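Let me begin by presenting the structure, written as structure tokens, before commenting on it.
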Amino acid sequence: EKKDATRKLYRKLVDKNPSLHSSVLELLQKEIQHRNKTGQAEYFHNIYSWVKNKSWEVYEEEEIVEKTQTQTFGKDII
């Protein structure tokens with residue numbers, strides 16, 4: 001069953017890095033909010049594909065870019 005396969009795959013990832021669990025949940029919430037806001041909720045991957053492809057990494061990278069942009073904003077103004 002897909003549910004069991006998803007659970008096993010997720011456990012395999014999270015057991016190696018327990019702090020990853022909270023990050024994944026936070027980033028999943030961000031993706032859900034983004035897709036609902038932009039009307040793209042119907043294009044959301046099924047959860048097995050989302051876990052298998054580590055789709056949260058896209059939102060993790062966006063978060064890093066946003067933090068970098070915020071930290072550097074205004075530094076070049078003379």
Side-chain angles (χ1 to χ4, degrees):
E1 181 176 324
K2 275 280 197 200
K3 186 176 180 181
D4 291 334
T6 303
R7 185 174 286 135
K8 284 181 183 179
L9 180 59
Y10 186 74
R11 279 279 173 217
K12 187 176 178 181
L13 293 169
V14 173
D15 286 347
K16 294 178 186 176
N17 184 358
S19 65
L20 180 63
H21 174 70
S22 58
S23 295
V24 168
L25 291 180
E26 181 181 316
L27 294 165
L28 173 60
Q29 185 64 36
K30 284 186 179 206
E31 182 169 358
I32 291 169
Q33 289 172 350
H34 172 77
R35 289 192 178 274
N36 285 333
K37 186 177 179 180
T38 60
Q40 298 177 0
E42 65 269 13
Y43 302 111
F44 196 83
H45 294 261
N46 68 50
I47 194 66
Y48 181 80
S49 296
W50 196 83
V51 172
K52 181 181 174 207
N53 296 331
K54 298 180 183 180
S55 297
W56 62 85
E57 291 177 346
V58 171
Y59 288 87
E60 187 175 47
E61 289 171 9
E62 283 182 13
E63 193 172 81
I64 291 169
V65 169
E66 287 174 7
K67 286 180 182 178
T68 303
Q69 288 173 344
T70 302
Q71 291 171 351
T72 59
F73 180 76
K75 286 189 175 184
D76 295 333
I77 297 174
I78 297 177

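Residue numbers count from 1 along this sequence. Everything numeric here is computed off the predicted structure, so don't read it as measured data.
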Mind listing the side-chain donor-acceptor pairs of residues 3-11 below 3.5 Å, one per line with the distance, residues two or more places apart or on another chain?
residue, atom, partner, partner atom, Å
T6, OG1, K2, O, 2.8
Y10, OH, H21, ND1, 2.7

Got a sec, which pairs hit side chain to side chain donor-acceptor pair (under 3.5 Å) with one end in residues 34-47, sequence neighbours left out?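 Every side chain to side chain donor-acceptor pair (under 3.5 Å) pair that includes a residue of residues 34-47, provided the two are not neighbours, is E31-R35, N46-S49.
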
How far apart are the closest heavy atoms of L27 and W56, and which atoms are they?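 The answer is CD1-O, 3.7 Å.
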
Output, in order, the C-alpha distance, side-chain angles, deciding distance and verdict of side chain to side chain contact (heavy atoms under 4.5 Å, CB included) for V51 and L13. CA-CA 9 Å; V51 172; L13 293 169; 3.9 Å; yes

Which residues share a side-chain hydrogen bond (donor to acceptor under 3.5 Å, both in side chains) with S19, sequence neighbours left out: N17

Say you draw a straight line from CD1 of I47 to NZ of K52; how long is it, rounded to the nearest 0.5 Å? 14.0 Å

In this structure, would I32 and L25 fall into the same cluster of hydrophobic residues linked by side-chain contacts under 4.5 Å? no

